[in-house]
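Here's the structure we're looking at; comments come further down.
Numbered from 1 within each chain, the chains take letters A, B, ... in sequence-line order.
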There are 2 protein chains.
Amino acid sequence: MARKRFDDSNCSVARALNEVGDWWSLLIVLHAMHGTRRFVDFQHELGIAKNILCNRLGRLVEHQVLHKVDVGEHGSRFEYRLTEKGRDLFPVVIALRQWGDKWSPAPEPSPLDLRDRASGRPIQPVQVRDAEGNPVTIRDVFVPE
Amino acid sequence: MARKRFDDSNCSVARALNEVGDWWSLLIVLHAMHGTRRFVDFQHELGIAKNILCNRLGRLVEHQVLHKVDVGEHGSRFEYRLTEKGRDLFPVVIALRQWGDKWSPAPEPSPLDLRDRASGRPIQPVQVRDAEGNPVTIRDVFVPE
DNA sequence: CTAATCTGGTTTCGTTACGCAACCTTATTC
DNA sequence: GAATAAGGTTGCGTAACGAAACCAGATTAG
């Protein structure tokens, strides 16, 4: 039977994964964050098959993570740009990047270090914080009933 | 041909997705964070086929996100527990949850609100911060050369 | 003006993975 | 000693993935 979908799950993580939880979608979003906008550029940068890319871009547009803009006046030239919803995946992507850097030894020792444009200093590791701003771990949280 | 893998990508996001970037793995990690440890419990909570669960647990153990503990003295009873690497996915899961809560309207209006055990107050949205602790967006960062 | 090229796809087709159900093996319980 | 439970494995049908071919409209080259 079909791959299981989670559109209607009451778990927001499942719903999120339903939209960006496959192998390619988050990578597309990542490259879009780095400035990629065009079909061919995604294709070359990611090394993805055209039909799959087409499908993924379509799904991301459908879910309003990207929107498709007709540039070039009369068709045949488009750009895929992040929506606010898409840009809002920034913490997810960064958290994932930091996790990968920390736990998966890089073949080339070049953990892409992102820096703040204003200060020029590296950004902080993404952390979950309580109301006072103190970092919390999984052991520190609970679900009230 | 086979699904593309990213084991040796020099992109840490791709490497991370290679380990936890499929439909089930992060959900398994999520449930593990909520205390699930046993095969049958994962199976029932997730509604996942046994062979797929078997495969995913195996991969997660292989990637050292979980470790398999033999409880019950002489086999036939195991627990899958998060390693430090696995627990370190906490910010990723939370960021994803918050994104899902914010952008994917829940069928049932019950966004699971996580609270800090000490203060009892809700946790903050996960944010990326610069060295001074100020929130930054995708537009505020760059990669030095 | 025509041919070549670029862009953004769709189609075809073989391979792989997913998902269900059935079966299996080793404890434990009755 | 039979029944049940835990943790898997196996088979099989279907859906998704991936490469390459094909296509159509717009642009550029000659």
Side-chain angles (χ1 to χ4, degrees), chain A residues 1-9 14 17-28 31-32 35-63 65-81, chain B residues 1-9 14 17-28 31-32 35-63 65-81:
Chain A
M1 190 173 273
R3 158 174 280 146
K4 200 158 281 191
R5 286 286 147 88
F6 303 103
D7 320 284
D8 55 348
S9 172
L17 289 174
N18 193 52
E19 302 194 359
V20 293
D22 66 297
W23 296 91
W24 289 116
S25 296
L26 265 186
L27 285 180
I28 290 173
H31 281 248
T36 305
R37 293 180 165 186
R38 299 268 302 286
F39 189 93
V40 284
D41 295 332
F42 282 115
Q43 197 193 336
H44 293 135
E45 290 171 17
L46 293 169
I48 183 177
K50 290 169 78 175
N51 53 350
I52 305 299
L53 176 58
C54 208
N55 177 296
R56 287 306 182 281
L57 288 174
R59 276 172 48 87
L60 289 171
V61 169
E62 194 180 317
H63 288 308
V65 173
L66 299 176
H67 70 285
K68 185 175 182 174
V69 184
D70 188 334
V71 296
E73 309 302 311
H74 30 292
S76 179
R77 196 143 305 199
F78 303 98
E79 284 187 359
Y80 295 89
R81 300 190 194 157
Chain B
M1 191 172 272
R3 159 173 279 147
K4 202 157 278 194
R5 288 287 148 88
F6 304 102
D7 320 283
D8 56 349
S9 172
L17 289 173
N18 192 52
E19 302 194 0
V20 293
D22 67 297
W23 295 90
W24 289 116
S25 296
L26 265 186
L27 285 180
I28 291 173
H31 280 248
T36 307
R37 293 180 164 184
R38 299 268 303 285
F39 189 94
V40 283
D41 295 331
F42 283 115
Q43 197 194 336
H44 294 136
E45 290 171 16
L46 294 169
I48 184 177
K50 291 169 77 176
N51 52 349
I52 305 299
L53 177 57
C54 210
N55 176 298
R56 288 304 181 282
L57 288 173
R59 276 171 48 87
L60 289 171
V61 168
E62 194 181 316
H63 288 308
V65 172
L66 300 175
H67 70 284
K68 185 174 182 175
V69 183
D70 187 336
V71 295
E73 310 301 311
H74 31 291
S76 179
R77 198 145 302 201
F78 303 97
E79 283 188 0
Y80 295 88
R81 301 191 194 158

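Contact annotation: Y80(A) does not reach the phosphate of dT7(C) (side-chain N/O to OP1 or OP2, under 4.0 Å). The side chain of R38(A) contributes an N or O atom lying less than 4.0 Å from OP1 or OP2 of dT7(C). Distances shown here put every side-chain N or O of R77(A) at or beyond 4.0 Å from the OP1 or OP2 atom of dG25(D). When the side-chain nitrogen and oxygen atoms of W24(B) are compared with OP1 and OP2 of dG19(C), one or more of them lie within a distance under 4.0 Å. Contact annotation: K68(B) does not reach the phosphate of dA6(D) (side-chain N/O to OP1 or OP2, under 4.0 Å).
Counting all heavy atoms, side chain and backbone alike, A32(A) lies closest to L66(A) at CB-CD2, 4.3 Å.
Straight-line distance from the CD1 atom of I48(B) to the P atom of dA21(C): 15 Å, rounded to whole Å. Rounding to whole angstrom units, CG of residue L27(B) and P of dG19(C) are separated by 12 Å. R37(A) places its CZ atom 17 Å from the C1' atom of dT7(C), with the value rounded to the nearest Å. In this structure, Q43(B) places its CD atom 12 Å from C1' of dG19(C), rounding to the nearest Å. Between the CD1 atom of I52(A) and the P atom of dT15(C) there is a distance of 16 Å, given to the nearest Å. The distance from atom CG of L57(A) to atom P of dG8(C) is 10 Å, rounded to the nearest whole Å. Remark: P of dA6(D) and NE2 of H44(B) are 8 Å apart, rounded to the nearest angstrom. A straight line from CG of N55(B) to C1' of dA17(C) spans 9 Å, rounded to a whole angstrom.
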Residues F39(A), L53(A); criterion side chain to side chain contact (heavy atoms under 4.5 Å, CB included); working and verdict
CA-CA 8 Å; F39(A) 189 93; L53(A) 176 58; 3.9 Å; yes

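In this structure, the side chain of T36(B) engages the main chain of H31(B) through a donor-acceptor pair within 3.5 Å.
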Review item, nucleotides 9-11 of chain D N/O atoms under 3.5 Å of protein N/O:
{"unit_1": "dG11(D)", "atom_1": "O6", "unit_2": "N51(B)", "atom_2": "ND2", "d": "3.4"}

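Between I48(A) and W24(A) the shortest side-chain heavy-atom distance falls below 4.5 Å. Side-chain contact between D22(A) and D22(B): absent, with no pair of heavy atoms (C-beta onward) separated by less than 4.5 Å.
Residues passing the salt bridge (charged side-chain N to carboxylate O under 4.0 Å, His left out) test with E19(B), sequence neighbours excluded: K85(B).
Cation-pi contact between K68(A) and Y80(A): absent, since separation from the ring centre below 6.0 Å together with deviation from the ring axis within 45° is not met.
When distances run from any side-chain atom of V40(A) to the nucleotides dA19(D), dG8(C), dA6(D), the shortest one goes to dG8(C).
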